[in-house]
Enquirer: 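Quick one: the structure is below, and I'll ask about it shortly.
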2 protein chains.
Amino acid sequence: MKQRITLKQIANTFNVSIATVSKALKDSHEISNATKLKIQEYAYTHNYRPNSIALSLLNKKTKTIGVIMPSILNPFFVKTFSGIEQVANDKGYNVIAIVSHSKLEKEIASIHMLENGLVDGLLISLSEETEAKQQFNHLKSFIDNAGPIVMFDRVSDSINTDKVIVDDFNCAYKATEHLIKTGCKHIAVVSTLDNVGIIKLRINGYLKALEDYKLPVNKKIINLIKPRYDFETEIKTMLDYQDVDAIIGLEEFSAVESMVIAQDRGYNIPDDISIISFTSSDFFKYTKPSITCINQHSVFMGKTAAEILISKIEQPLGTEDVFETKTIKTTLVERKSTKSLANSY
Amino acid sequence: MKQRITLKQIANTFNVSIATVSKALKDSHEISNATKLKIQEYAYTHNYRPNSIALSLLNKKTKTIGVIMPSILNPFFVKTFSGIEQVANDKGYNVIAIVSHSKLEKEIASIHMLENGLVDGLLISLSEETEAKQQFNHLKSFIDNAGPIVMFDRVSDSINTDKVIVDDFNCAYKATEHLIKTGCKHIAVVSTLDNVGIIKLRINGYLKALEDYKLPVNKKIINLIKPRYDFETEIKTMLDYQDVDAIIGLEEFSAVESMVIAQDRGYNIPDDISIISFTSSDFFKYTKPSITCINQHSVFMGKTAAEILISKIEQPLGTEDVFETKTIKTTLVERKSTKSLANSY
DNA sequence: CTGAAAGCGCTTACAG
DNA sequence: CTGAAAGCGCTTACAG
């Protein structure tokens with residue numbers, strides 16, 4: 001690594017001022033053609049490029065956004081991130097990606113780091129712990145000191161910002177309804193998350209569907225499995241001691257793992273037990289049977305969130321703050337882990 | 001967003017110099033306790049935090065590294081990125097993530113962007129096009145102007161830097177050998193990548209194993225499928241017109257998709273056709289049958305690459321450049337898509 | 001047509 | 001114990 005060339009050095013070699021060089025390189029009409037030409041040529045052959053950090057300091061804009069997610073080893077967030085990255089790059093922004101590993105402390109530390117002038121705005125999906133403890137001061141601090149925030153998927157009503165969410169209530173309603181219409185009556189719900197707002201919404205949607213179709217609720221088959229519990233044991237116990245003819249997995253792991261456990265116990269999918277999964281992984285096509293799922297259009301969600309954030313960053317100073325909450329429509333992708341509607345009527 | 005507080009403002013409110021405030025906040029012994037106390041207290045209650053951009057300009061260090069990958073919708077890169085992110089954050093670095101979408105042009109633009117002082121170093125896995133066109137000037141330019149590079153997985157010998165790779169040759173050899181030992185004689189290779197160095201290494205490892213076990217080579221079942229061709233048609237044609245009793249998929253998609261196509265055509269896996277996949281996806285556990293694969297320990301690869309990069313960034317100026325190439329050991333994860341060794345002897 | 005000055009927010013060697 | 005000065009790399013309004 002040799003020394004990077006600066007305006008100062010160019011100015012020295014031609015015995016002109018830094019200001020002249022700066023203007024010459026911007027092809028300013030203030031500068032004579034002769035000077036411009038020799039400076040531009042020199043700069044080009046010496047591969048001069050302006051220092052972004054100096055420009056950031058000057059403009060108080062970094063053209064960088066931060067993204068904080070609870071996990072990256074989760075297809076939902078990977079796809080969302082992919083959408084964010086695409087839009088950001090199209091609009092000339094870099095993205096700093098941080099994984100909170102669902103820890104509040106990590107989230108706070110990361111935000112404080114980004115807050116010190118590193119980014120122009122922030123996209124965040126809250127960590128479980130943040131939602132559980134309802135602690136949001138770090139977010140408020142960011143908004144006060146650094147710039148706009150757009151929350152996606154795991155959001156909180158306590159913070160007044162733009163949000164992009166999935167219609168979790170209706171989504172769960174739709175899934176439950178589909179199972180009911182294909183003849184299921186004892187529909188279990190399985191999740192490895194708990195203290196998260198979206199899970200509550202999903203459960204409510206599920207309960208509403210049961211109510212509307214006049215099916216009884218069995219709380220023992222609403223199975224929110226805490227991290228310290230053994231997933232397999234919980235599912236086996238449920239299958240052995242409760243009536244279950246369908247399982248809604250609230251994330252991919254819950255769905256696919258429940259299906260495998262049920263198969264191991266001799267149940268036929270979908271005839272004995274139907275399976276629907278929230279969030280759509282490409283791999284659901286390849287399981288046996290392939291898994292019916294709810295496509296949350298996560299790439300699109302990421303794109304939408306990034307677009308909103310960047311438009312907020314670039315809006316003229318003094319624009320009145322109007323926050324919107326965008327809801328991404330979901331679609332049910334029917335595959336082989338649920339019975340077909342045609343057969344049940 | 002209110003105005004962020006600066007040293008200057010603190011200096012003004014106490015009628016002292018900026019230098020004094022700066023020193024007071026660093027608890028310098030040069031400053032009287034009284035001054036320190038009032039300044040520190042004021043800074044604390046007003047939530048003062050130093051501007052990172054200003055510090056970067058001063059120190060010529062950004063405590064940020066760049067990561068450029070061909071894709072993020074690929075579990076291998078997601079895991080590698082996860083490893084990188086962990087190590088970087090542990091060591092106090094932010095990471096700017098950029099996806100090249102296998103395009104040389106995007107790769108060049110991204111590197112030039114990062115080169116202008118944005119990052120202290122770069123981790124990169126080359127795009128297909130870069131390898132195909134053997135064009136590396138942008139990488140050389142980064143090394144000259146910005147800092148160290150560590151290449152991972154898709155690397156090039158033409159660039160003299162640190163590298164972290166998988167032992168693709170031996171890896172393919174091992175996979176092929178395993179298939180041979182379980183009784184396969186007509187082993188196909190399927191990939192959707194072509195012009196990439198790692199693919200050549202894998203093919204060579206495969207060929208060497210055939211040679212060592214004195215099996216004939218059938219070039220028609222070495223199937224590197226170009227993007228413009230239809231994957232399904234290619235595989236069907238191969239299965240219909242060639243003798244095939246095993247398939248090695250060089251990436252996840254090729255393996256799982258080939259398996260499904262073979263099953264659709266009535267082949268039993270693994271008795272008629274065995275399947276092995278390069279790179280280990282968690283979902284291979286859940287297919288029917290579960291898929292035997294090569295675990296490349298991609299999280300570990302990411303961690304290793306990040307550690308090397310950061311140690312290079314932090315090494316004292318003037319340290320002699322010594323570049324190393326680290327090879328990550330792989331392991332064969334036996335599942336149900338290959339016959340068991342026991343049965344074949 | 002060219003340059004000196006002020007400034008973005010900070011630090012540190014040096015003077016007083 | 002405190003502050004003026006120089007500097008990181010750049011831009012722009014202003015003077016000449």
Side-chain angles (χ1 to χ4, degrees), chain A residues 1-40 43 46-64 115-120 145-147 317, chain B residues 2-40 43 46-64 113 115-120 145-147 317:
Chain A
M1 180 172 150
K2 46 180 197 220
Q3 211 44 42
R4 224 183 147 64
I5 192 173
T6 65
L7 291 189
K8 201 180 185 181
Q9 288 165 45
I10 302 183
N12 284 341
T13 64
F14 289 107
N15 265 314
V16 294
S17 73
I18 294 177
T20 303
V21 177
S22 174
K23 287 176 196 161
L25 291 177
K26 316 206 95 159
D27 215 12
S28 160
H29 56 267
E30 289 183 63
I31 307 293
S32 74
N33 276 323
T35 329
K36 280 205 282 198
L37 214 69
K38 68 180 181 190
I39 289 179
Q40 285 172 7
H46 287 72
N47 201 24
Y48 170 80
R49 247 163 299 108
N51 180 307
S52 306
I53 298 292
L55 291 177
S56 292
L57 185 58
L58 205 55
N59 302 327
K60 302 190 169 200
K61 284 283 172 206
T62 59
K63 282 281 191 173
T64 303
E115 197 177 326
N116 302 331
L118 275 187
V119 295
D120 298 337
N145 295 309
L317 265 166
Chain B
K2 45 180 199 220
Q3 213 41 43
R4 224 182 147 66
I5 193 173
T6 65
L7 290 189
K8 201 180 185 180
Q9 289 165 44
I10 303 183
N12 284 341
T13 64
F14 289 108
N15 266 315
V16 293
S17 73
I18 294 176
T20 303
V21 177
S22 174
K23 287 177 194 158
L25 291 177
K26 317 206 92 158
D27 216 14
S28 159
H29 56 265
E30 289 183 62
I31 308 293
S32 75
N33 277 324
T35 331
K36 282 203 282 197
L37 215 68
K38 67 181 181 189
I39 289 180
Q40 285 172 7
H46 287 72
N47 201 24
Y48 169 80
R49 245 158 306 106
N51 181 307
S52 306
I53 298 292
L55 290 176
S56 292
L57 185 59
L58 206 57
N59 304 324
K60 303 193 170 199
K61 284 282 172 206
T62 59
K63 281 279 189 177
T64 303
M113 153 128 270
E115 197 178 327
N116 303 331
L118 275 186
V119 296
D120 298 338
N145 295 309
L317 265 166

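The sequence lines fix the lettering, A, B, ..., with proteins before strands; numbering per chain opens at 1.
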Enquirer: Between D/dA4 and C/dA6, how far apart are the two P atoms, rounded to whole Å?
Expert: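 D/dA4 and C/dA6 have their P atoms separated by 15 Å.
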Enquirer: Here's a test of your reading of the structure: between B/H29 and A/I18, which maps to the more 5' nucleotide of DNA chain D?
Expert: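 So the residue in question is B/H29.
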Enquirer: Do the non-hydrogen side-chain atoms of B/T64 and B/L118 ever get within less than 4.5 Å of each other?
Expert: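 Contact flag for B/T64/B/L118 side chains = no.
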Enquirer: Which dot-bracket string fits DNA chain D when only Watson-Crick or G-U wobble pairs with both atom distances under 3.5 Å count, crossing pairs get [ ], and | stands for a partner on a different strand?
Expert: |||.||||||||.|||
Enquirer: With respect to the phosphate group of C/dT2, does any side-chain polar atom (N or O) of A/S32 fall under 4.0 Å of OP1 or OP2?
Expert: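 Yes, within the criterion.
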Enquirer: Could you give the CG-to-P distance, from B/L37 to D/dC1, as a whole number of Å?
Expert: 14 Å
Enquirer: Measure across B/E115 and B/N145 and return the closest heavy-atom pair with its distance rounded to 0.1 Å.
Expert: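 Scanning both residues, the minimum pair turns out to be OE2-ND2, 2.8 Å.
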Enquirer: Under 3.5 Å, which protein N or O atoms sit close to an N or O of nucleotides 6-9 of chain C? Give each pair with its distance.
Expert:
from: C/dC8; atom 1: OP2; to: B/K8; atom 2: NZ; distance (Å): 3.3
from: C/dG9; atom 1: OP1; to: A/K60; atom 2: NZ; distance (Å): 2.4
from: C/dG9; atom 1: N2; to: B/A54; atom 2: O; distance (Å): 3.4

Enquirer: Can you pull the side chain to side chain donor-acceptor pair (under 3.5 Å) pairs that have at least one residue in residues 48-59 of chain B, sequence neighbours excluded?
Expert: A/N116-B/R49, B/N47-B/R49
Enquirer: Rounded to the Å, how far apart are B/F14 CZ and D/dT2 P?
Expert: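 Rounded to whole Å, this separation is 13 Å.
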Enquirer: Going from OG1 on B/T20 to CD on B/E30, what distance comes out if it is rounded to the nearest 0.5 angstrom?
Expert: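 Here the rounded value is 9.0 Å.
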Enquirer: Output the distance between atom OG1 (B/T35) and atom CZ (B/F14), rounded to the nearest 0.5 Å.
Expert: 10.0 Å
Enquirer: What are the two closest non-hydrogen atoms of B/I39 and B/V16, and how far apart are they?
Expert: CD1-CG2, 4.3 Å
Enquirer: Separation of A/N33 atom CG from C/dT2 atom C1', in whole Å?
Expert: 15 Å
Enquirer: Strictly below 4.0 Å: does B/T35 bring a side-chain N or O up to OP1 or OP2 of D/dT2?
Expert: yes
Enquirer: Please identify each residue that fulfils side-chain contact (heavy atoms from CB on, under 4.5 Å) with B/K60, with sequence neighbours left out.
Expert: A/Q3
Enquirer: Using the side-chain contact (heavy atoms from CB on, under 4.5 Å) criterion, which residues pair with A/K36? Sequence neighbours excluded.
Expert: A/A24, A/D27, A/I31, A/N33, A/Q40
Enquirer: Using a heavy-atom cut-off of under 4.0 Å over every strand shown, decide if B/S56 touches base, sugar-phosphate, or nothing.
Expert: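 Nothing, no nucleic acid heavy atom in range.
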Enquirer: Roughly how far, to the nearest 0.5 Å, is the CZ atom of B/R4 from the NE2 atom of B/H46?
Expert: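 Spacing of NE2 (B/H46) from CZ (B/R4) equals 13.5 Å.
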Enquirer: Between the protein and nucleotides 3-5 of chain C, are there any N/O to N/O pairs under 3.5 Å, and if so, what are the atom names and distances?
Expert:
from: C/dG3; atom 1: OP2; to: A/S17; atom 2: N; distance (Å): 3.0
from: C/dG3; atom 1: OP2; to: A/T20; atom 2: OG1; distance (Å): 2.7
from: C/dG3; atom 1: O6; to: A/K23; atom 2: NZ; distance (Å): 2.2

Enquirer: How long is the gap from CD1 on B/I5 to OG1 on B/T13, to the nearest 0.5 Å?
Expert: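 One finds 7.0 Å between CD1 of B/I5 and OG1 of B/T13.
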Enquirer: What is the minimum heavy-atom distance between B/G117 and A/I53, and which atoms define it?
Expert: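 For B/G117 versus A/I53, the nearest heavy atoms are O-CG1, 3.2 Å.
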